[in-house]
Amino acid sequence: MRRVLDRIYALSGYAAALALLAILGLVVAQMVTRWLGILLPGGANYAGYAMAAASFLALADTFRRNEHIRVGMLVERAGRWRRGVEIWCYTVAAAIAVFFAWHAVKTPMLSHKINDISQGQDGTPLWIPQLAMASGAVLLAVAVIDALVSLLLTESYGVDAPRTPVLQDALSPAKARIALALGCLLVLYAAIHLMTGFDRDATGLKIGVFLFVMFFLLGSGLWVGLALMGVAYMGMIGFTPRNPGSSMSITVWTSSSGWTLTSLPLFIWMGEILFRTRLSEDMFKGLAPWLARFPGGLLHSNVVGCTVFAAVSGSSAATLTTVGKMSIPELRKRGYPEFMIVGTLAGAATLGLMIPPSLTLIVYGVTVKESITGLFMAGVLPGLVLAAMFMAYIALWSVIRKDQAPDPEPRLPLKDKLRASTLLIPVVALILVVIGSMYAGIATATEAAAFGVIGALILAGLQGSLTWEAFRESLLGATRTSAMIALILMGASFLTLAMGFTGLPRSLAAVIAAMDLSPVALIAALTVFYIVIGMFLDGISAVVLTMAIIEPMIRAAGIDLMWFGIFIVVVVEMAQITPPVGFNLFVLQGMTRHDITYIARTAAPMFLIMVLMVAILVAVPGLATWLPDTVQAAR
């Protein structure tokens with residue numbers, strides 16, 4: 001049975017990978033036919049259906065590989081009670097996943113019954129693509145229940161194995177574990193019963209309930225996407241007469257099958273190709289000779305390497321992993337201080353969120369319905385300024401702490417530098433194709449992502465580093481990362497709907513308006529707010545979780561949403577290097593084996609530089625808005 005289930009999960013992952021290939025093919029077909037002046041009926045809709053298939057079908061495989069995000073602080077510190085905490089997490093997750101699966105299955109059945117068809121030119125009966133949602137949701141529920149059963153009846157601790165061995169298990173008898181799981185279900189039933197019948201006009205009560213349920217579910221270790229669904233469900237049954245199940249399935253389907261979101265897995269795939277081939281290694285070799293004589297020496301390779309790789313990746317984690325694997329051994333070998341190696345890499349890798357293509361900006365643009373191409377343009381100058389500030393910090397350190405800096409690298413003849421620079425040509429060409437096609441108006445953000453994937457495949461093939469294994473792993477890695485983000489977006493879309501029904505965003509916006517805060521005071525308050533929640537949530541979760549409340553405030557204050565997107569990215573970058581849930585800290589911990597508190601201390605100067613960057617954005621808002629406004633005016 002174990003082998004059969006694992007095979008099913010793996011096959012669902014391969015099916016999602018095929019859907020991602022279909023997205024690429026459909027985007028390319030849509031682009032080519034547009035250039036030729038030929039109409040491809042329903043091309044965008046078909047790409048959206050493939051996007052939904054890729055997202056839903058990969059959910060179970062992503063869960064089994066422990067690649068969905070959760071706040072594991074309590075779980076990791078539970079010690080001998082870890083199994084008890086995990087039983088709570090898996091029981092609640094199973095209940096939410098089963099609820100999601102039940103209504104996901106009912107959706108195509110209802111669409112077939114009422115003959116619901118797409119409103120686009122394709123006229124597709126919607127029950128056909130919705131089968132992918134039903135299949136993926138059912139497989140996710142099976143995977144969660146499978147892990148729960150293993151947790152109850154075996155010595156397994158679920159999909160998230162303890163980082164350190166658990167020496168003593170407080171729940172070793174199976175009967176005690178089963179009793180605890182039944183007790184968790186009883187608590188859930190009681191909580192649902194208590195939520196019904198609340199006063200729908202009690203704003204304070206709504207805020208309290210939402211915050212309590214959200215922080216309780218997230219803090220106890222529930223996976224972020226499922227936790228958001230749970231929060232939304234509790235809000236729906238407590239404050240609205242609407243059916244939460246049907247509302248959830250319709251909202252989740254709509255948010256998962258849009259054309260705009262198709263750029264997300266393609267940019268992720270492009271970064272995966274670069275990471276798994278020799279292109280990233282050649283990029284570092286081409287940069288190093290030019291940076292060696294700078295004040296601070298090859299430490300600048302962390303910043304410049306992250307800046308260049310960010311321009312073809314969009315992911316902070318991919319940027320950190322790729323550049324770190326190349327730079328850490330080389331810098332250690334040359335005698336650079338460990339705290340500077342680790343700290344500058346932790347901070348510079350966050351540029352993957354700012355410099356286009358940025359996954360966070362894509363998610364933000366989809367959430368607030370802003371132009372993703374415009375947001376990409378807005379991120380260029382602030383990203384370069386932030387990179388320059390990081391390099392200035394390294395140079396200042398080398399001047400103040402001369403005793404800690406290693407001896408300068410020997411000078412290389414110009415001929416050798418130029419020879420090494422030829423290794424940069426493929427990556428620079430890819431950057432020009434991806435970014436240039438958007439800025440020149442040749443391609444949309446989604447089409448530019450397709451350019452990037454094809455370009456990365458061609459370059460890796462010409463280089464001879466594109467093996468079948470590298471291609472397969474890059475494709476599967478992209479589908480799993482996309483599914484992880486998609487589950488968070490699904491939960492966030494349901495939460496946004498629930499909050500809209502409760503009227504909470506409108507009430508909070510009215511409270512803020514009554515306070516009559518100036519735009520600067522509002523931004524200062526939001527900076528503190530995002531720094532605090534960034535200590536507990538990853539960046540994308542923080543964006544999608546808060547936008548339903550924050551967006552009305554920003555609009556009411558007259559703040560430019562394009563500028564606010566760049567502000568959001570900077571504060572989300574801070575979240576990547578703040579404990580206890582700084583994602584870059586975890587990645588670096590795995591790469592360097594340092595304690596996470598040590599890594600956080602080394603990254604503290606980079607955090608302060610980002611705070612300064614927020615002040616610069618407030619003082620000079622044109623830094624973010626000038627380029628998109630100029631390009632827009634020129635068209």
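Positions are given from 1, in the same order as the sequence printed here.
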Q) Hey, what do you get for CE (Met389) to CG (Leu396), rounding to the nearest 0.5 Å? A) 12.5 Å
Q. For the residue pair Leu623 and Leu381, what are the closest heavy atoms and their distance?
A. O-CB, 3.5 Å
**Q.** Flag side-chain contact, heavy atom, 4.5 Å: Trp269 against Thr481
**A.** no
Q: List the steps, then state whether side-chain contact (heavy atoms from CB on, under 4.5 Å) holds for Lys415 with Leu418.
A: CA-CA 5 Å; Lys415 181 176 66 175; Leu418 292 174; 5.9 Å; no
**Q.** Reported CD-to-CG distance for the pair Glu573 and Leu351, which is rounded to 0.5 angstrom
**A.** 6.0 Å
**Q.** His300 side-chain N/O to Gly305 backbone N/O, donor-acceptor pair under 3.5 Å
**A.** no
Q: Working to the nearest 0.5 Å, report the span between CZ of Phe339 and CD1 of Ile599.
A: 15.0 Å
(Q) Could you measure the distance from the OG1 atom of Thr602 to the CD1 atom of Ile577? Nearest 0.5 Å is fine. (A) 8.5 Å
Q: Could you check if a side-chain atom of Met547 sits within less than 4.5 angstrom of a side-chain atom of Phe564, using non-hydrogen atoms only?
A: yes
Q: Under the side-chain contact (heavy atoms from CB on, under 4.5 Å) rule, what do Met377 and Thr373 come out as? Steps first, then yes or no, please.
A: CA-CA 6 Å; Met377 294 180 192; Thr373 302; 3.7 Å; yes
(Q) Contact between Val569 and Tyr364 at the side-chain level, heavy atoms closer than 4.5 Å - yes or no? (A) no
Q: Work out which heavy atom in Gly13 is nearest to a heavy atom in Leu476; give both atom names and the distance.
A: O-CD2, 3.9 Å
**Q.** Straight-line distance of Leu331 CG to Met340 CE, nearest 0.5 Å
**A.** 10.5 Å
Q.
If I compare all heavy atoms of Ala16 with all of Ala54, which pair ends up nearest, and what's the gap?
A. CB-O, 3.5 Å
Q: Indicate yes or no: at least one non-hydrogen side-chain atom of Met354 is less than 4.5 angstrom from one of Ser358.
A: no
(Q) Using the rule given for side-chain contact (heavy atoms from CB on, under 4.5 Å), can you reason through Thr479 versus Tyr14, listing the C-alpha separation, both sets of side-chain angles and the distance that settles it, and then say yes or no? (A) CA-CA 9 Å; Thr479 58; Tyr14 283 115; over 6 Å; no
Q) How close do Ala483 and Leu59 get, heavy atom to heavy atom, and via which atoms? A) O-CD2, 3.8 Å
Q) Could you walk me through whether Tyr336 and Ile328 pass the side-chain contact (heavy atoms from CB on, under 4.5 Å) check? A) CA-CA 10 Å; Tyr336 286 90; Ile328 290 175; over 6 Å; no
Q | Thr367 OG1 to Ile362 CD1 distance, which is reported to the nearest 0.5 Å | A | 11.5 Å
Q: Measure the acute angle between the ring planes of His68 and Phe63, then classify it against the limits of 30° and 60° as parallel, tilted or perpendicular.
A: tilted
Q: Find out whether Met270 and Val434 are in side-chain contact, i.e. whether some heavy atom of one side chain is under 4.5 Å from a heavy atom of the other.
A: yes
Q. Can you find a side-chain donor-acceptor pair between Thr344 and Asn302 that sits under 3.5 Å?
A. yes
Q) Which heavy-atom pair separates Ala378 from Met562 by the least distance, and what is that distance? A) CB-CG, 3.9 Å
Q) Can you check whether Tyr9 reaches Arg65 side chain to side chain, under 4.5 Å on heavy atoms? A) no
Q) What are the two closest heavy atoms between Val303 and Ala387, and how far apart are they? A) CG1-O, 3.5 Å
Q. Sub-3.5 Å donor-acceptor pair from the side chain of Trp563 to the main-chain atoms of Val618, do we have one?
A. no
Q) Centroid-to-centroid, Tyr393 to Phe390, below 6.0 Å? A) no
Q.
Please tell me whether Gln463 and Ser465 have a donor and an acceptor in their side chains that are separated by less than 3.5 angstrom.
A. yes
Q: Answer whether the closest heavy-atom distance between the side chains of Phe567 and Thr527 falls below 4.5 Å.
A: yes
Q. Can you find a heavy atom in the side chain of Leu20 that is under 4.5 Å from one in the side chain of Ser482?
A. no
Q.
I'd like to know whether CZ of Arg472 has more than 12 heavy-atom contacts from other residues, nucleotides or ligands below 6.0 angstrom.
A. yes
Q: Say whether, by atom type as modelled, one donor and one acceptor occur between the side chain of Ser474 and the main chain of Ile273 under 3.5 angstrom.
A: no
Q: Could you point out which residue of Ile566, Val572, Ile372 forms a side chain to side chain contact (heavy atoms under 4.5 Å, CB included) with Leu361?
A: Ile566
